[in-house]
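A quick write-up on the structure given underneath.
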Protein chains: 2
Amino acid sequence: MEGKPQTRIQHKNTAAILDAALDVFSSHGFRGATVDQIAKAAGLSKPNLLYYFSSKEVIHRTLLEGLLDTWLAPLHALDSQAEDPLEEILDYARRKLEMSREMPRESRLFANEILQGAPRLEEVLSGHLKPLVDEKAQIISGWVAAGKIAPVHPYHLIFSIWSLTQHYADFDIQVRTVLPENEAADPFPEASHHLETILRKMLAP
Amino acid sequence: MEGKPQTRIQHKNTAAILDAALDVFSSHGFRGATVDQIAKAAGLSKPNLLYYFSSKEVIHRTLLEGLLDTWLAPLHALDSQAEDPLEEILDYARRKLEMSREMPRESRLFANEILQGAPRLEEVLSGHLKPLVDEKAQIISGWVAAGKIAPVHPYHLIFSIWSLTQHYADFDIQVRTVLPENEAADPFPEASHHLETILRKMLAP
DNA sequence: TGGATGTTTGACCATATGGTCAGGATAACG
DNA sequence: CGTTATCCTGACCATATGGTCAAACATCCA
């Protein structure tokens, strides 16, 4: 962005604030989160927090912008030159599931936004996400046309992967409540196996 | 519940309030919704609304309780005696997708709750949903054992159906933004076709 | 070491919000 | 038609919340 001659303290505190904000925003949504909550979670006083970020809105925007690249990286990585398209798509799905496991807060942050109509995310959706998905859908269509994978609607395939993987982060409480005890502790091994099976059957040419 | 000698006005206003509340809660979450918003949407003054429901909390609880049966009806209907298990599961999935189309507000209401850790829904999840899912998972396991459908983890199969169908309601904005114009107007025909294809391939014995 | 720069805080403010209340308006009904 | 039960409202209250500010306090470095 710009030259940021960050102090040690600045670096430490902004990081703490963003991490705390991720916690709070992801579990209460923008409206449900309070500046006091975030400040407390970051170990700062409210005025102190507002010394680093001028408003709740700014914290939120900074978070979203900072996480967007990470969030879209797996889809970005989908490679049109992959020798084995099925494996390439499986890799994408695996990475997405991995992100649900390792970054559930991020998943819920975005889920909250989109659920509520994406009021703070419209530009991102139409400006970044759509072109990216268009491009990758094109690639998938090419693989279908070449007979490398079974005929499938590329956009809905992507939606499927999103929903199947993000479900384990966004609806974590439900998943763990419903699952039998022994699996509830860690649903991901079975989820991973299930996901792979689905996709293999769906896409086998 | 109890004898409710509802007046005409009572009936009309409580209905209006619950409908308005569904609108507001589903698009802003519990915390994000305000009593004033709901009152305005229902065409009542705030004190008037609070004459019918003693608090925001009560409105919310009433809504959830009133919608729960409807929401779980499709899963309830999954019949162990069905002659064609694959078709029975497909029917379930179709009904769920239909609900995403016809009742997106309800879907988002529940999604909001679960996303935020189900603070007002814990009893429902462990008290009603879990036993129901346990029962239906049993049925599915039976079908697998009998070779009627392909081997599949019953709980994760149910999660798959939930996520694949609810995605179109909960992430509606994203779906419509990403999809090409001609499909964005109504994503459901293609979604339905896609869903059916996935499930057939996944479950074919 | 002393000033310049950066950091932190308690006190404070305006507004939003959930909720109350006394009394007035309206409908129901004998 | 008059009384009773229901319905509705403006004014009000307590609290929560986003945000400000002047002043105290640290830190850094010449």
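Letters A, B, ... mirror the listed sequences (proteins, then strands); counts begin at 1.
Note: H60(A) and F25(A) have perpendicular aromatic rings, judged against thresholds of 30 and 60 degrees for the angle between ring planes. In this structure, F171(A) and H167(A) have parallel ring planes: the angle between them is below the 30° cut-off, well short of the 60° mark. Taking the six-membered ring where tryptophan is involved, the planes of H156(A) and H153(A) are perpendicular, since the angle between them exceeds 60° and thus also 30°.
Taking a cutoff of 4.0 Å between a charged side-chain nitrogen and a carboxylate oxygen, R176(A) and D172(A) qualify as a salt bridge. The pair K40(B)-D36(B) does not count as a salt bridge, with every side-chain nitrogen at least 4.0 angstrom from each carboxylate oxygen. By the 4.0 Å N-to-carboxylate-O rule, E87(B) lies close enough to R94(B) to be salt-bridged with it.
Between the P atom of dT27(D) and the CD1 atom of I9(A) lies a distance of 6 Å, rounded to the nearest Å.
One distance of note links CZ of F53(B) with CG of L18(B); it measures 4.0 Å at 0.5 Å rounding.
Heavy-atom distances under 4.0 Å link DNA chain C to R31(A) of residues 28-36 of chain A, given in residue order. Looking at residues 45-59 of chain B, you'll see S45(B), P47(B), N48(B), Y51(B), Y52(B) sit with a heavy atom under 4.0 Å from some atom of DNA chain D.
Contacts between chain A and DNA chain C, taken as any atom within less than 4.0 angstrom of a protein heavy atom, begin and end at dG6(C) to dT17(C).
Judged by distance alone, the side chain of S192(B) and the main-chain N or O of F188(B) form no donor-acceptor pair under 3.5 Å.
Note that R101(A) lies outside the cation-pi zone of Y168(A), set by a 6.0 Å cut-off to the ring centre and a 45° limit from the axis.
Between N112(A) and Q116(B), the side chains place a donor N or O and an acceptor N or O closer than 3.5 Å (distance only, hydrogens not considered).
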